[in-house]
There are 2 protein chains.
Amino acid sequence: MADELYKALADPTRRTILDELTEQSGQTLFEICSRLAMKHRLDISRQGVSQHLAVLEAAGLVETRREGRYKFHDLNTAPLRQITERWLGTDPSGPDKENP
Amino acid sequence: MADELYKALADPTRRTILDELTEQSGQTLFEICSRLAMKHRLDISRQGVSQHLAVLEAAGLVETRREGRYKFHDLNTAPLRQITERWLGTDPSGPDKENP
DNA sequence: ACCATAGGCAAGTGAACGCTTGCCTATCAA
DNA sequence: TTGATAGGCAAGCGTTCACTTGCCTATGGT
């Protein structure tokens, strides 16, 4: 899954999607589409965004839940920690207060 | 430069090069080549490795210094911090002891 | 001066990637 | 039931990417 994590981060549009989900998690595909268009002037097709979300989900950065005809996309930043753990050897969340 | 950082991390061979430089910084092109071949069974041409190093340097992840006919490649992990800072909102090195 | 070593430049190739277009399914409101 | 909304699948297209090959420059040992 590490491979897919780095691949997911490689695209600027996907990183912007992560930014949007950071600001408000649990958005639908159409919400993300319109935000990309409005706030970032990214006029990309709905399918394009959908494919990006699939890549992000494969990387574990986005988790989805279905409710009726809506599919909500939630952000999961946990996989990002392995990046700094790999080359910085540190826990990005900082020292554990219980075991300092 | 952020764009080049994520692009640099997208390739598995480049990530392995970072691993090798983490283990021992300041290696030459040929040293890196032979290590990739020996330790990781990656038989990639010298030019291929050279191009990877160029991408890593453009991302600021490796810095080079010339000495005679040798060019040493040093690891610089600093750019990695912006990744977790962007979506985790944390400093990977932990809280600053001066300003906690 | 010679030749091996360390590295660089540039063109070419095949595969992967981002994105679009067209059509199809499912859920909800009227 | 009809129509609108939310989303999915798959083929096609142009670009980027990783990698190779061939040739060239520069430094150092003998």
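Below, chains carry the letters A, B, ... as their sequence lines are ordered, and counting in each starts from 1. All heavy atoms count here, side chains included; hydrogens, waters and symmetry mates do not.
With hydrogens and angles left out, the side chain of B/R46 and the base of C/dG8 share a donor-acceptor pair within 3.5 Å. No N or O donor and acceptor, one from the side chain of A/E67 and one from the base of C/dT27, sit under 3.5 Å apart. Donor-acceptor pairing under 3.5 Å, judged by distance alone, is absent between the side chain of A/R14 and the base of C/dG18.
Side-chain atoms of B/T77 never come within 3.5 Å of backbone atoms of A/W87 as a donor-acceptor pair (strictly under, hydrogens ignored). Looking only at distances, a side-chain donor or acceptor of A/R66 sits under 3.5 Å from a matching main-chain atom of A/G68.
When distances run from any side-chain atom of A/D11 to the nucleotides D/dG7, D/dC19, C/dC19, the shortest one goes to C/dC19. The side chain of B/R66 has C/dG8 as its nearest neighbour among C/dG18, D/dT20, C/dG8. Relative to the side chain of B/R69, the nucleotides C/dC19, C/dA4, D/dC17 differ in distance, and C/dA4 lies closest. With D/dG8, C/dA6, C/dC17 as the choices, the nucleotide that has an atom nearest any side-chain atom of A/K7 turns out to be C/dC17.
Atom-to-atom, CG of A/L36 to P of C/dC19 comes out at 10 Å; the value is rounded to the nearest Å. For B/H52 and C/dG8, the NE2 to P distance is 15 Å, given to the nearest whole Å. Following rounding to the nearest Å, A/D3 (CG) and D/dA18 (P) show an atom-to-atom distance of 12 Å. Put simply, CD on B/Q51 is 16 Å from P on D/dT16, counting in whole angstrom units. For A/L53 and C/dG18, the CG to P distance is 13 Å, given to the nearest whole Å. Here C/dA16 presents its C1' atom at 14 Å from CD of A/E4, a figure rounded to the nearest Å. Remark: C1' of C/dA4 and CZ of B/F30 are 11 Å apart, rounded to the nearest angstrom. Distance, A/H73 NE2 to D/dG8 P: 6 Å, rounded to whole Å.
B/G48 comes within 4.0 angstrom of a base, heavy atoms only.
What you find for A/R15 and A/L9 is that their closest heavy atoms are NH1-O, 2.7 Å. When all heavy atoms of A/T16 and B/R86 are compared, the closest pair comes out as N-NH2, 4.3 Å. Nearest heavy-atom pair across B/C33 and B/R46 is SG-CA, 3.8 Å.
Across the interface with DNA chain D, nearest-nucleotide mapping of B/D43 and A/Q27 shows A/Q27 to be the residue nearer the 5′ end.
The phosphate of C/dA6 (OP1 or OP2) has no side-chain N or O of B/T28 nearer than 4.0 angstrom. Applying the 4.0 Å criterion to OP1 and OP2 of C/dA26, one finds that A/K71 has every side-chain N and O outside that range. For A/S45, no side-chain nitrogen or oxygen approaches OP1 or OP2 of C/dC19 to under 4.0 Å.
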